[in-house]
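Below is one structure; the comments refer to it alone.
Read the numbers this way: they start at 1 and go in the same order the structure lists the ligands and their atoms. Sequence positions, counted from 1, serve as the residue numbers for this chain.
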Amino acid sequence: MCAKRSTDIETFMQGVIDRNPGETEFHQAVREVSADIIPWIQDKPSYMEAQILERMAEPDRVVSFRVCWADDDGNVRVNRGYRVQNNNAIGPYKGGLRFHPSVNQSILKFLAFEQTFKNSLTGLPMGGGKGGADFNPKGKSDNEVMRFCQSFMTELFRHVGADTDIPAGDIGVGAREIGYMFGQYKRITNQFTGTLTGKGMEYGGSEMRPEATGYGAVYFLEDMLHSKGDAIEGKSVAISGSGNVATFAAEKIIHRGGKVLTLSDSGGFIHDRDGIDAEKLAWIKELKGVRRGRISEYADHFKTADFHERTRPWNVPCDLAIPCATQNEISADDAKALIANGCMAVSEGANMPTVIEGIDVFLRSRILFGPSKAANAGGVAMSGLEMSQKSARRSWAQEELRNLLREIMDGIHSRCHAAGLEDDGYCNYVRGANIAGFQKVANAMMAFGVV
Ligand code: NDP
Ligand code: 2IT
């Protein structure tokens with residue numbers, strides 16, 4: 001670890017790269033934050049002397065473990081599981097679990113680092129963590145998924161707990177997987193605690209958790225538009241993904257009178273010229289959530305739509321864009337195409353969906369750009385409210401939770417706006433989110449001394 005303080009971004013980043021070789025997604029996430037934080041702390045010697053940013057970019061702990069399970073044919077399978085506990089300065093580690101073949105240490109370290117800032121922005125007492133496995137749930141039977149989840153939790157349980165680390169869902173981990181993992185946790189520990197969020201309503205889950213990330217990303221978009229006296233109604237929207245975040249973002253856009261043109265999955269995207277309305281969206285939810293089908297089937301069923309294989313939707317002319325699939329799904333060229341076609345605002349539902357050069361394109365074009373750590377914080381915020389309901393042994397009604405989500409997203413928007421407003425009236429929400437997220441964690445770390 002560097003004994004000398006890094007006062008410039010490149011020196012700082014060289015240290016990060018040397019200590020974390022080959023972890024390109026992690027480097028990317030740290031670079032995006034440090035580009036705003038290092039200039040900002042130049043005149044704040046206490047943060048500099050305490051090496052706060054260096055400490056935040058070094059996870060408290062990275063656990064990796066073997067996950068063995070047997071498939072339906074009796075073959076033994078081996079996967080690798082992880083939990084990255086990045087920072088618990090302001091509360092227990094909190095963040096999702098991702099099951100996807102691309103999962104590796106770099107991806108989970110970037111996600112846990114981002115989560116630390118995101119959770120701070122919510123205003124709730126949650127530190128940052130992330131975990132998962134390189135397991136591919138696609139094409140697996142329910143029994144195979146169950147056996148995998150049980151094996152995964154048989155190791156994970158020793159590292160988590162209601163006041164230690166509280167996992168939830170992410171890509172490939174939804175209600176089914178959370179149910180299997182909670183069942184195993186309860187069985188091993190003989191405790192019914194709030195150790196996972198995103199649970200079913202029958203066993204300690206919260207109303208509005210499924211909706212929260214997608215709805216929250218639309219609330220953030222709406223807040224950005226309102227700051228310019230504009231609104232969603234009548235605008236066309238390109239959305240990527242067709243999972244939890246994408247479908248609920250689409251639902252809220254429809255509620256607001258916008259026209260959803262696209263959705264996607266890893267096979268390609270569908271473009272419905274007439275717009276995806278509530279009825280078509282219900283069909284998609286059934287296709288993806290129940291039948292676990294492919295988005296290409298939409299174009300077979302609805303003749304107003306085309307399917308574009310192995311491409312992303314960013315060349316479709318739209319007023320607004322909400323990437324909701326995965327990291328690095330908007331390249332610099334995609335960002336240029338969006339701008340050229342008149343896109344005026346982007347709200348990131350996925351984590352780090354835009355490459356750094358793409359963010360630069362958006363910021364240079366002075367469009368409204370809501371970065372993921374702010375725009376998609378609604379999901380983890382609702383998880384925080386699930387934890388409160390569990391502790392209080394009561395549950396709030398849907399309406400109350402919807403209002404709380406709206407309040408939390410408005411609060412995040414205000415904090416980012418205040419910290420990101422520039423002299424000419426443009427708001428750089430990226431800088432705003434980085435600075436506002438950093439401050440609370442940094443101040444808590446300062447209070448603890450050198451630990
Ligand atoms: P889901 O598993 O429900 O859906 C993921 C969607 O993204 C699917 O349509 C999937 O397509 C697509 N996708 C995943 N990986 C890729 C890839 N490598 N290339 C192309 N498409 C891909 O996940 P979520 O909706 O929960 O998560 C989506 C994003 O939102 C992620 O970045 C996640 O980190 C982020 N997020 C999620 C939160 C939550 O509460 N769930 C909270 C905050 C952020 P396919 O089916 O073909 O794999
Ligand atoms: O990226 C995220 O914020 C999530 N996957 C949700 C985490 C959570 O703990 O609800």
I need the atoms of ligand 1 closer than 4.0 Å to a non-hydrogen atom of [X], numbered in the order shown.
| X | value |
| --- | --- |
| A350 | 29 (C), 30 (O), 32 (O), 35 (C) |
| R98 | 31 (C), 32 (O), 33 (C), 34 (O) |
| S242 | 9 (O) |
| H100 | 15 (N) |
| G349 | 30 (O), 35 (C), 36 (N), 44 (C) |
| S264 | 9 (O) |

Going by distance only, is there an N or O of [X] that falls short of 3.5 Å from an N or O of ligand 1?
| X | answer |
| --- | --- |
| Q327 | no |
| G241 | no |
| D265 | no |

Looking at [Y] and [X], is any side-chain nitrogen of the basic one under 4.0 Å from a carboxylate oxygen of the acidic one?
| X | Y | value |
| --- | --- | --- |
| R147 | D142 | no |
| E211 | R402 | no |
| D265 | K288 | yes |

Pairing residues for N434 by the side-chain contact (heavy atoms from CB on, under 4.5 Å) criterion, not counting sequence neighbours
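For N434, the residues satisfying side-chain contact (heavy atoms from CB on, under 4.5 Å) (neighbours in sequence not counted) are E32, V33, D36, I37, K373, V430.
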
How would you list, by chain and number, every residue that makes a side-chain contact (heavy atoms from CB on, under 4.5 Å) with K235, sequence neighbours excluded?
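K235: side-chain contact (heavy atoms from CB on, under 4.5 Å) contacts with D230, D319, L320, M344.
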
Closest approach of any protein heavy atom to [atom], naming residue and atom:
| atom | answer |
| --- | --- |
| atom 43 (C) of ligand 1 | T213 CG2, 3.5 Å |
| atom 32 (O) of ligand 1 | N351 N, 3.1 Å |
| atom 25 (O) of ligand 1 | V245 N, 3.0 Å |
| atom 12 (C) of ligand 1 | A325 CB, 3.9 Å |
| atom 41 (N) of ligand 1 | N244 OD1, 3.6 Å |

Whether M352 lies under 4.0 Å from ligand 1, heavy atom:
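False for this residue.
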
Min heavy-atom dist R294 to ligand 1 below 4.0 Å
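Heavy atoms of R294 do come under 4.0 Å of ligand 1.
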
What class does the angle between the rings of F65 and H159 fall in, given that below 30° is parallel, 30 to 60° is tilted and above 60° is perpendicular?
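Parallel, since the angle between the ring planes stays under 30°.
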
Ring-face cation of R291 near W283 (centre distance under 6.0 Å, axis angle within 45°)
yes

Step through it carefully: locate the ring centre of [X], locate the ring centre of [Y], and say whether they are under 6.0 Å apart.
| X | Y | value |
| --- | --- | --- |
| F152 | F135 | no |
| H271 | F307 | no |
| Y185 | Y180 | no |

Which option out of I295, T326, L111 puts a heavy atom nearest to atom 18 (N) of ligand 1?
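Checking each option, the heavy atom nearest atom 18 (N) of ligand 1 is found in T326.
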
Could you pull out every protein residue that has a heavy atom closer than 4.0 Å to ligand 2, ordered by chain and then number?
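Close residues (ligand 2, cut-off 4.0 Å): K94, G95, G96, Q115, K118, K130, A168, G169, D170, R209, N351, G379, V380, S383.
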
Sequence neighbours excluded, the answer for salt bridge (Lys or Arg N to Asp or Glu O under 4.0 Å) partners of E155 is R158

Examine the proximity of ligand 1 to R310 and report which part, side chain or backbone, both or neither, has a heavy atom under 4.0 Å away.
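No part of R310 comes within reach of ligand 1.
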
Record the part of C324 in heavy-atom contact with ligand 1 below 4.0 Å; permitted values are side chain, backbone, both and neither.
backbone

